[in-house]
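Okay, structure first, notes after.
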Amino acid sequence: MGDLRDPNFKRIDNLEKANAFIDEAVRELKKQIGNDKVLLALSGGVDSSVTAALLIKAIGKNLVCVHVNHGLLRKDESKQVIKVFKEELGANLIYVDAVDEFLDKLAGVADPETKRKIIGKEFIDVFAREARKLGDIKFLAQGTIYPDILESKGIKAHHNVGGLPEDLKFELVEPVKFLYKDEVRLVGLALGLKKEMVYRQPFPGPGLGVRCVGAITKERLELVRESDAILREEFAKCGLSEKVWQYFTIVPDYRSVGIKDNKRTFEYFVVIRAVNSVDATTATVEEIPYDILFKIRDRILNEVSGVNRVLFDITPKPTGTIEWE
Ligand code: XMP
């Protein structure tokens with residue numbers, strides 16, 4: 001597919017151009033939306049966050065953000081979304097706690113594609129239910145970005161709010177759909193979003209679900225969440241978070257024998273993955289210095305109970321994908 005952008009579109013490579021884009025986008029959004037309401041699924045990811053911030057600037061409280069907590073988010077992620085959007089930006093935000101609902105549907109399901117499909121379908125169901133409760137809303141905003149349009153088909157089932165049931169008919173609002181990721185980030189910064197939010201590492205729609213390898217349990221999900229929080233904290237401390245493209249932990253549904261306080265243990269292991277990539281189609285492994293790896297290992301073994309081993313995944317893509325599922 002060729003370039004669909006207007007040939008006159010000026011690439012956004014500084015804050016001045018980002019501000020010019022924002023002025024123009026706000027004008028267009030006001031014209032398109034008028035006094036109607038717009039619904040948006042706010043995950044906290046870069047694209048939906050920037051889309052939300054842009055719409056808040058254009059239409060304020062007429063943007064209704066729905067944040068679904070599916071229980072597969074990182075530590076404190078939902079709290080962060082509420083803090084930034086509701087408290088700081090004054091968004092009209094509905095928080096939906098769907099944790100038990102998602103985990104019930106996923107119980108005992110080990111096949112990766114089936115897990116993804118359940119998470120995707122459940123997300124649509126929960127979002128549709130909220131949308132129906134809200135009554136007549138004309139528009140649906142989506143954080144579609146230009147690469148999404150160019151590569152609409154991936155190897156794995158991807159997850160967004162496309163595919164809503166027939167009775168929910170919306171006109172789409174996609175204010176950043178002609179922007180590349182780096183341009184979306186600049187627009188986010190120009191809108192006043194924090195650097196940590198705008199330069200977040202990629203995070204898959206099915207969240208920690210694809211890192212809790214095999215059938216998801218609350219127990220193992222907690223091991224993924226806690227070890228991931230430690231990894232992110234340590235990477236931030238030593239500056240690796242600014243350097244490494246994507247880093248996270250994985251906990252497969254497999255236990256091994258260990259020893260602790262002179263007693264035999266039979267516990268899960270945590271895998272650390274840290275990769276660099278440009279567009280996620282290929283990836284290389286970051287060479288983390290051993291002293292940093294050992295520090296992370298010690299913290300995980302001491303602070304995350306139920307884990308007796310820590311491994312480092314040295315597999316590039318190909319042959320491994322970035323995520324394990
Ligand atoms: P893989 O594992 O295929 O991942 O090498 C490539 C990149 O895509 C992210 N990823 C997803 N992102 N929805 C998303 O929005 C998804 O379902 C999904 N699955 C994988 C992954 O984290 C990596 O950055």
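Computation of the quantities below employed the complete heavy-atom set of this structure, encompassing side-chain atoms and omitting hydrogens, waters and symmetry-equivalent molecules. Counting starts at 1 for both ligands and their atoms, following the listed order.
- Atom numbering of ligand 1 starts at 1 in the shown order; those under 4.0 Å from a heavy atom of Pro202 are 24 (O).
- A cation-pi contact, defined as under 6.0 Å to the ring centre and within 45° of the axis, is absent between Arg255 and Phe269.
- When only interatomic distances are considered, the shortest N/O to N/O separation between Gly205 and ligand 1 falls below 3.5 Å.
- Heavy atoms of Pro204 found under 4.0 angstrom from ligand 1 belong to the backbone as well as the side chain.
- Residues Lys31 and Glu24 are not paired through a salt bridge, judged by the lack of any N-O separation under 4.0 Å between the basic side chain and the carboxylate.
- A distance of 9.0 Å separates OG1 in Thr51 from CG in Leu179, rounded to the nearest 0.5 Å.
- For ligand 1, the atoms closer than 4.0 angstrom to any heavy atom of Arg116 are 16 (C), 17 (O), 18 (C), 19 (N), 20 (C).
- In summary, Asp47 and Lys181 engage in a salt bridge, as defined by a charged side-chain N under 4.0 Å from a carboxylate O.
- Here is the list of ligand 1 atoms found below 4.0 Å of a heavy atom in Ala280: 6 (C), 7 (C).
- Figure legend: Arg232 and Tyr247 shown without cation-pi pairing, the cationic atom not lying both under 6.0 angstrom from the six-membered ring centre and within 45 degrees of its axis.
- Of all the atoms in ligand 1, the ones that sit under 4.0 Å from a non-hydrogen atom of Lys317 are 1 (P), 3 (O), 5 (O), 6 (C).
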